[in-house]
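To start, the structure under review is shown below, and the notes come after it.
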Amino acid sequence: MELIKIYNGATVSARELYQYLELNKAHWKRWYTKNITQNPYAIENEDWEGFTIMVNGNKTMDFAITLDFAKKLAMLTRSKKGEEIREYFIRCEKTLTELKQNKRFEAFLKLENTKDKLRSNIEGIGGTYDDYLQIDLAGRRVLFNGEPVADAELPTLLIKGRDFATEITNSQLDKENHALDEVGQLNKDNHSSIRETLLSKGLKPEDLPTEDRIKKLGE
């Protein structure tokens with residue numbers, strides 16, 4: 001059972017951890033200042049990385065923190081919830097170590113990271129998370145010439161193809177300014193190119209067999 005989302009097999013949201021531990025919501029800023037940004041034993045860009053999010057129309061901080069750092073923060077609460085989430089992180093780390101030996105899972109994590117970058121790029125030009133979902137879905141539909149297969153069920157070849165197409169979109173957004181309505185077409189064109197390459201080799205994406213669903217950490 002997933003107690004808290006683990007992003008890219010490596011980090012968790014400090015805010016989500018804070019909420020899971022059922023700490024006083026009014027003291028969020030005080031908590032992260034003491035335990036993260038002014039913690040002499042926590043190193044920025046190594047143990048944590050801060051970023052701004054919107055909550056109820058207001059800007060606030062969140063932090064991507066490593067699993068190891070998250071365990072330490074959980075233990076500081078000296079509570080049943082803290083112990084529970086610490087044990088959960090330990091299990092997830094063990095699972096991650098085992099899964100990293102799996103090349104398909106490694107490719108899947110790479111794709112998840114590339115998709116996260118696409119989301120950030122879209123939000124950076126004024127788009128929303130829903131815009132990202134629609135743009136990503138449109139690209140997937142082009143690749144499959146219809147209804148797409150879930151990324152977690154794709155064979156390694158198609159996971160890497162999806163990753164390459166999305167990487168190209170990200171590179172185009174990094175290189176030049178594009179309006180939001182242009183991004184969707186770029187992403188569809190890049191997925192179309194991957195499809196054409198596969199077809200030229202006698203491989204139809206929709207005909208390739210699916211594989212067992214990749215389980216995310218905590219499932």
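FYI, the numbering just counts along the sequence from 1. Only this structure's heavy atoms are used, side chains among them; waters, hydrogens and symmetry mates stay out.
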Could you give the side-chain donor-acceptor pairs of residues 38-55 under 3.5 Å, partners two or more places apart or in another chain?
{"unit_1": "Asn39", "atom_1": "OD1", "unit_2": "Tyr41", "atom_2": "N", "d": "2.8"}
{"unit_1": "Asn39", "atom_1": "ND2", "unit_2": "Asn35", "atom_2": "O", "d": "3.0"}
{"unit_1": "Asp47", "atom_1": "OD2", "unit_2": "Ile43", "atom_2": "N", "d": "2.7"}

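Under a 4.0 Å N-O distance rule, the pair Lys103/Glu106 qualifies as a salt bridge. Using a cut-off of 4.0 Å between Lys/Arg side-chain N and Asp/Glu carboxylate O, Glu93 and Lys71 are scored as salt-bridged.
Taking the ring centre of Tyr7 as origin, the terminal cationic atom of Lys5 falls inside the region bounded by 6.0 Å and 45° from the ring axis.
Within the structure, the side-chain hydrogen bond (donor to acceptor under 3.5 Å, both in side chains) test picks out the following pairs touching residues 199-209 (sequence neighbours left out): Arg195-Glu206.
Applying the 6.0 Å contact sphere to CZ of Phe164 captures no more than 12 heavy atoms from other residues, nucleotides or ligands. Around NZ of Lys110, the count of heavy atoms belonging to other residues, nucleotides or ligands within 6.0 Å exceeds 12.
Using cut-offs of 30° and 60° on the angle between ring planes, the pair Trp31 and Trp28 is parallel.
The hydrophobic cluster containing Val142 does not contain Leu154, counting ILVMFWY residues as joined when their side-chain heavy atoms lie under 4.5 angstrom apart, directly or transitively. The cluster map of Ile, Leu, Val, Met, Phe, Trp and Tyr, joined by side-chain heavy atoms under 4.5 Å apart, puts Ile168 and Leu173 in different clusters. Residue Ile90 is not grouped with residue Tyr88 when hydrophobic side chains (ILVMFWY) are merged at heavy-atom distances under 4.5 angstrom, including chains of intermediate members.
With a 4.5 Å cut-off on side-chain heavy atoms, Phe89 and Asp68 do not count as touching.
Arg162 is linked by a salt bridge (charged side-chain N to carboxylate O under 4.0 Å, His left out) to Asp136, Asp151, counting only residues two or more places apart in sequence or in another chain.
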